[in-house]
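Taking it in order: structure first as structure tokens, then the write-up.
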Amino acid sequence: MTDPGGPDRCAVSVVLPAQLRALARLESAAVVDVVPPVTQQAVLDALERAWPVLAGTIRDPVTQRRRPFVRYFACGLDLSHERADVPLPGPVAAGSEPFVVVGAMAGG
Amino acid sequence: MSGVRVLVGTRKGAFVLEADGARADWEITGPHFPGWEIYHVAGSPADPDRLYASQSSSWFGQQVQRSDDGGRSWRPVGNQFSYEGVPGTHQWYDGTPHPWEFARVWHLEPSLDNPDTAYAGVEDAALFRTVDGGQSWQELPGLRGHGSGSSWQPGAGGMCLHTIVLDPSDASRLYVAISAAGVFRTSDGGETWTAANRGLRSGEIPAAEAEVGHCVHGLAMHPTRPGVLFMQKHWDVMRSDDAGDSWYEVSGNLPSDFGFAIDVHAHEPETVYVVPITSDAHHFPPEGRLRVYRSRTGGGEWEPCTDGLPQQHCYVNVLRDAMAVDALEECGVYFGTTGGQVYASRDSGDHWTPIVRDLPAVLSVEVQTLL
């Protein structure tokens, strides 16, 4: 539910890994317009609406669940295992901290 | 002047190599889509400027890219590959039922006469088709609906539909190969399918001559002889003279009949190329010597083509989609290695030279002959 005293819309900054920035032809972080409450699902829905090419890259296109090798960070917290409908930390909704999508580390 | 465009898919991007008809000086562009696995890049026979590329990643899933200018620019098209109906199950490695799950596109095969139509072979094994230039993909569900579908099992690389061969004399006939199920043929444009594995014998499966379960690695056909097919199986090089109704072995004097890649000379339907690999455990050439073997007799009798290829300390692999031929007057033959080299022969395999080296591991090589 929208906070009666809060903003109607929030500009949320989303930092993407290099491969997805290249795919979406983004030079830097994406900024998406989100109607509160600002949740993982709302942010990612807005991201995919603005950049349809990202659909299916972060979340499975059928189940909408986070892809196994993708992680979500914000405000120094690993939010990967949080429910998708839980509000993100206040600074993310306020636009002062980004929602960070990370490709899980792998290598030899 | 005529020329050649070589489309190379690698573990970390795509590369496009172009040369004029002399095939001596190559212009190389790439990496396109750096950091992504490019399982296959294919050009339309009906419009050589139309290319399709399968771009995938274990992290970020599947994309399909399309170019309308011969690979100078690209744009993503549709990447939704949804199985028709209830997907059902196939066998998992341990023999238990496992739901069909889309993983990636292994192979793209543009139609012979319409650049907006193309087929996609995917993992878990299924065949999809686009008729709108890649914007949307629809499954041809009759293949998975073949009565044997629930018994198909993955090979070590996954349960992938990796080979699609179109019959140029009959648009309704095509062949696909699935690891590890075998060859399937349709004669009605993909509505219904028949297993085409009679004569295959695979010691790795419980019933060596079973209707399905064979790990077919690749198929090749000469366009003027659509009833003749050549196959590189997990073990054995095979031939069919009756459009896949039956197969017989033509491994002959090969130093190993294990391998992945197979192709046919552009102008000589009985000239066939394979790259023998030591074994399924040793994915490198016998004795560390990289040799293309050529048969001018449609199999059975093979000669090594070694001039210009490393003949010591070479332990690369040549994957199933990593060999192709051009159709210039003197047929060119090309193959890529997991060591990142793409070798070319301008004279049907007599002499070889690397046209690029030190790329990421090469997954696929296709060639367009530009007139």
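In plain terms, the two heavy atoms of A:R67 and B:W59 that are nearest each other are CD-O, 3.0 Å.
Note that CD of B:Q63 is 8.0 Å distant from CG of A:L54, once rounded to the nearest 0.5 Å. For the atom pair CZ of B:F60 and CG of A:L20, the computed distance is 4.5 Å after rounding to the nearest 0.5 Å.
Residue A:F69 qualifies as open at atom CZ: its count of foreign heavy atoms under 6.0 Å is 12 or below. B:H313 NE2: 12 or fewer foreign heavy atoms inside a 6.0 Å radius.
For chain B, no part of A:A18 is nearby; none of its heavy atoms comes within less than 4.5 Å. Interface remark: A:R25 contributes side-chain atoms only to the contact with chain B (heavy atom separation under 4.5 Å). Residue contact with chain B, scored on non-hydrogen atoms closer than 4.5 Å, involves the backbone and the side chain of A:V53 alike. Using a 4.5 Å cut-off between heavy atoms, A:P68 does not touch chain B at all.
The shortest distance between side-chain heavy atoms of B:W36 and A:L23 falls below 4.5 Å. In this structure, the side chains of A:P61 and B:Q80 come closer than 4.5 Å at one or more pairs of heavy atoms. Within the 4.5 Å cutoff, the side chain of B:Q62 has no heavy atoms near those of the A:T57 side chain. Looking only at side-chain heavy atoms (C-beta outward), A:D60 and B:E101 stay at 4.5 Å or farther from each other.
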